[in-house]
Amino acid sequence: MIMDYFLGFDSSTQSLTGILIDFNQKKRIYSYSINFDKDLPQYKTQNGVYIYNEGKVVHSNPLMWIEALELLLNKFVQVGLPLEHIKAISGSGQQHGTVYLNNSFESILKKLDSTKTLVSQITNVFTRKTSPVWMDSSTAEECEEIRHKLGGMESTIKITGSNTFERFSGPQIRKFFKQNYDDYMNTSVIHLVSSFLSSILLGKNSPIDHSDGAGMNLMNIETKQWDQKALDATAPNLLQKLPPLTNSYEIIGTISPYFIKKYGFSSKTLLIPWSGDNPNSLIGLGLTSQGKAAVSLGTSDTYFSYLKHLNFDLSGEGHVFRAPTGDFMGMICYKNGSLAREEIKNKFNLTWKDFSRILRKTPPGNYGKIMLPYFFAEIVPLVLQPKVFRFGFDENDVEANVRAVIEAQFLSMKLHSQWISEQPNEIYATGGASSNIEILQIVANIFNSNVRQFEDTNSSALGAALRSAKSYYDSTSKSVDWTDLVSSFLKIQKINVIKPNQRYTVLYNDMLTIYKKYENYILRNGEDPERYHKSFIKKYFDN
Ligand code: XUL
């Protein structure tokens, strides 16, 4: 029997997951996650990160990610996975985060001793002990400086695909250069989370793939090259410190001897560059043609869609990345995702079951109780000072708060995603909270669209495994088409389609108008929408 196994990793904010798939039998063989806080308590992270300066500075620990990788591989061996039959491997990293290394990094990787652990050998290689990650919002000044040097917002968007964003790698690198000049100068290579972990498996510096590279404010979105103007606007000698860029589907080499000797991988195992979690999810959900959109409900909430052609969001809130297929994807990202939902759940000592029960019990429209949910600094719309605003209720009203946080999240998502696709004909849901049917029903009602729920909620790791299968088969005579590849695999999953309840279409359209007015009122000094709010309540809830 031919055994074509493929492995996909997902190094996310809070955990590292690995999924092993058997391509011939179209099935998932095994999946396991290492939770950073629980399984690696010695790193003392909270939800996978370190938070400083009232939440503005958010870092994580690259050594912890490596140790998680080794824990996961040990688990694979312990349960007897046939690692020698894995044909190719790829992975996902949380996007934008940067790892700063000196020139001993590559030489250490080249001579790793398989009788020792990775972390005991990969020491004294970091020029910055911790890595700023996507939750960091401390670089407003650097964003402004880079944007200015690139000729303003519109030109920044047209060059890099996005306005400058606090969490993006370029502004983060500039901050490091300004505040730690000597350490910046001693840095020989700056990796993304994705290319850093890809380097560990490869045993030398890995390239950065075009999809994750697009989240740096450093890559030219059209030419797929490092953009010299953007590099100059960011920090000196940056080109020498960045790995080369590559197509997401390129084969970058074979697995390092360390993993062959220690874990029994075959020396022929091919490596495909790791990419960002959202680009991998695009593939894992099968969004390789237009018309469908995805919501990913994880530590961050994101909304994204495949784009055949380059289409900018000139309002400056969204991003265009290269898709792993080589085309494009449009995306918006929220920081107030699962951690905001958990704030409410924990504040009232609820279980997720209680949370769902309340969502079932309370009416769409929440009696007109509206929240602007900035528990943490927000990305879309940009809110640097966290604060929660409640209209028509107070912070102690359990039921109102539960429904308000969910309705606010998806009203905001509908409002700010319209540049990507006016009205998707179907939304594919992924991420931990996509297992919650009550939340998905609200998504369906607000977007007035079917929502597809998948049995497997980690589409990033699955997408990475599928990408490695695609590149492997393309390198043989058995080349497969993206759509066939992904759909054959998704078919085996249990899928549940949640339909919008048409009774609430008009109510949510009206509520969206009020929500937008409240955003304008609070964030842009707009008109106080109280009279519109009152007539909304009168129309739907005064009886
Ligand atoms: C995307 C983003 C987040 C991270 C978290 O732009 O910042 O979704 O990728 O995983």
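Heavy atoms only: backbone and side chains are in, while hydrogens, waters and symmetry mates are out. In listed order, ligands and their atoms are each counted from 1.
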Which residues share a side chain to side chain contact (heavy atoms under 4.5 Å, CB included) with L310, sequence neighbours left out: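 For L310 the side chain to side chain contact (heavy atoms under 4.5 Å, CB included) partners, ignoring immediate neighbours, are I221, E222, F312, V320, F328.
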M153 backbone acceptor or donor facing N163 side chain under 3.5 Å: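 No, the answer is negative, given that no donor and acceptor are paired below the 3.5 Å cut-off.
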Non-hydrogen side-chain atoms of E519 and R524 separated by less than 4.5 Å: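 When only atoms from C-beta onward are counted, R524 and E519 do touch, with a gap below 4.5 Å.
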Parallel, tilted or perpendicular: ring planes of F321 versus F168, cut at 30 and 60 degrees: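 Judged by the thresholds at 30° and 60°, the geometry between F321 and F168 is tilted.
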Plane angle bin for Y303 and F447 - parallel if under 30°, tilted between 30 and 60°, otherwise perpendicular: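 F447 and Y303: parallel rings.
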Heavy-atom closest pair, residues L411 and Y508: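 Answer, listing the atom of L411 first, then Y508: CD2-O, 4.1 Å.
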Under 4.0 Å from ligand 1, counting heavy atoms only: the protein residues, by chain and number: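 Heavy-atom contacts below 4.0 Å: Q94, Q95, H96, W134, R167, D277, N278, S300, T302, M331, C333.
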